[in-house]
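Reading through the structure tokens given below for one structure.
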Amino acid sequence: QVQLVESGGGLVQVGGSLRLTCAASGRTLSSNGMGWFRQAPGKEREFVVAVTWSGVSTRTAVSVKGRFTISIDNAKKMVYLQMNSLKPGDTAVYYCAGSTRGVGGPYEYWGQGTQVTVSS
């Protein structure tokens with residue numbers, strides 16, 4: 001099993017930045033791909049960005065490309081999501097997820113989520 005705990009969410013103004021952190025523990029070697037997803041009120045959960053622990057493969061949603069960046073600290077088993085130029089449409093609960101396959105998923109492990117609210 002892999003345990004994932006997100007932190008760093010909060011309230012930010014339009015155009016601002018925020019960095020989310022995901023701490024992974026447990027059998028992290030079983031999770032090849034690590035990703036961030038988000039779910040806005042009344043909408044389905046959507047993919048945001050993902051990376052392999054090796055850092056070789058990444059995948060980014062078009063809606064956040066150029067604004068959001070995923071990074072990893074393999075030694076600490078931490079995954080970060082740097083979010084810049086935030087828009088009201090980025091308001092959502094953000095989830096960290098782990099996949100045994102890779103950046104394409106499927107994702108078997110999920111954190112509890114952290115709320116990000118962008119005010120205009």
N/O donor-acceptor pairs under 3.5 Å from side chains in residues 78-86, not counting sequence neighbours:
residue : atom : partner : partner atom : Å
Gln82   : NE2  : Asn84   : OD1          : 2.9
Asn84   : OD1  : Ser17   : OG           : 2.9

_Heavy-atom side-chain contact between Val14 and Pro88 under 4.5 Å_ = yes

*Is the closest side-chain heavy-atom distance between Val51 and Val49 below 4.5 Å?*
no

_I'd like to check the side chain to side chain donor-acceptor pair (under 3.5 Å) partners of Arg67; sequence neighbours left out, ordered by chain and number._
Asp90

*Residue pairs passing the side chain to side chain donor-acceptor pair (under 3.5 Å) test where at least one lies in residues 54-64, sequence neighbours excluded*: Thr52-Ser54

*Listed by chain and number, what are the ring pair (Phe, Tyr, Trp, His ring centres under 6.0 Å) partners of Phe47, not counting sequence neighbours?*
Phe37

*Mind checking side-chain contact (heavy atoms from CB on, under 4.5 Å) for Gln112 and listing every partner two or more places apart, or none if nothing turns up?*
Val5, Glu6

*Among all residues two or more places apart in sequence or in another chain, which pass the side-chain contact (heavy atoms from CB on, under 4.5 Å) test with Thr117?*
Leu11, Thr91, Gln115

_From Arg101 atom CZ to Tyr107 atom OH, the distance as rounded to the nearest 0.5 Å_ = 12.0 Å

*Hey, could you give me the CE/OG distance between Met34 and Ser71, rounded to the nearest 0.5 Å?*
12.0 Å

*Taking all heavy atoms of Tyr109 and all of Leu4, pick out the closest pair and write down the distance.*
O-CD1, 3.6 Å

*Looking only at non-hydrogen atoms, find the nearest pair between Gly105 and Ser99 and report the distance.*
CA-OG, 3.4 Å

*Qualifying disulfide bond (SG atoms under 2.5 Å apart) pairs with a residue from residues 51-120, counting only residues at least two apart or across chains*: Cys22-Cys96

*Sequence neighbours excluded, every pair satisfying salt bridge (Lys or Arg N to Asp or Glu O under 4.0 Å) that has a member inside residues 42-57*: Arg38-Glu46

*Any pair with a residue in residues 109-120 that passes salt bridge (Lys or Arg N to Asp or Glu O under 4.0 Å), sequence neighbours left out, goes on the list, sorted by first then second residue, please.*
none

*May I ask you to decide if the ring planes of Tyr95 and Trp110 are parallel, tilted or perpendicular, using 30° and 60° as cut-offs?*
perpendicular

*Glu108: what forms a salt bridge (charged side-chain N to carboxylate O under 4.0 Å, His left out) with it, not counting sequence neighbours?*
none

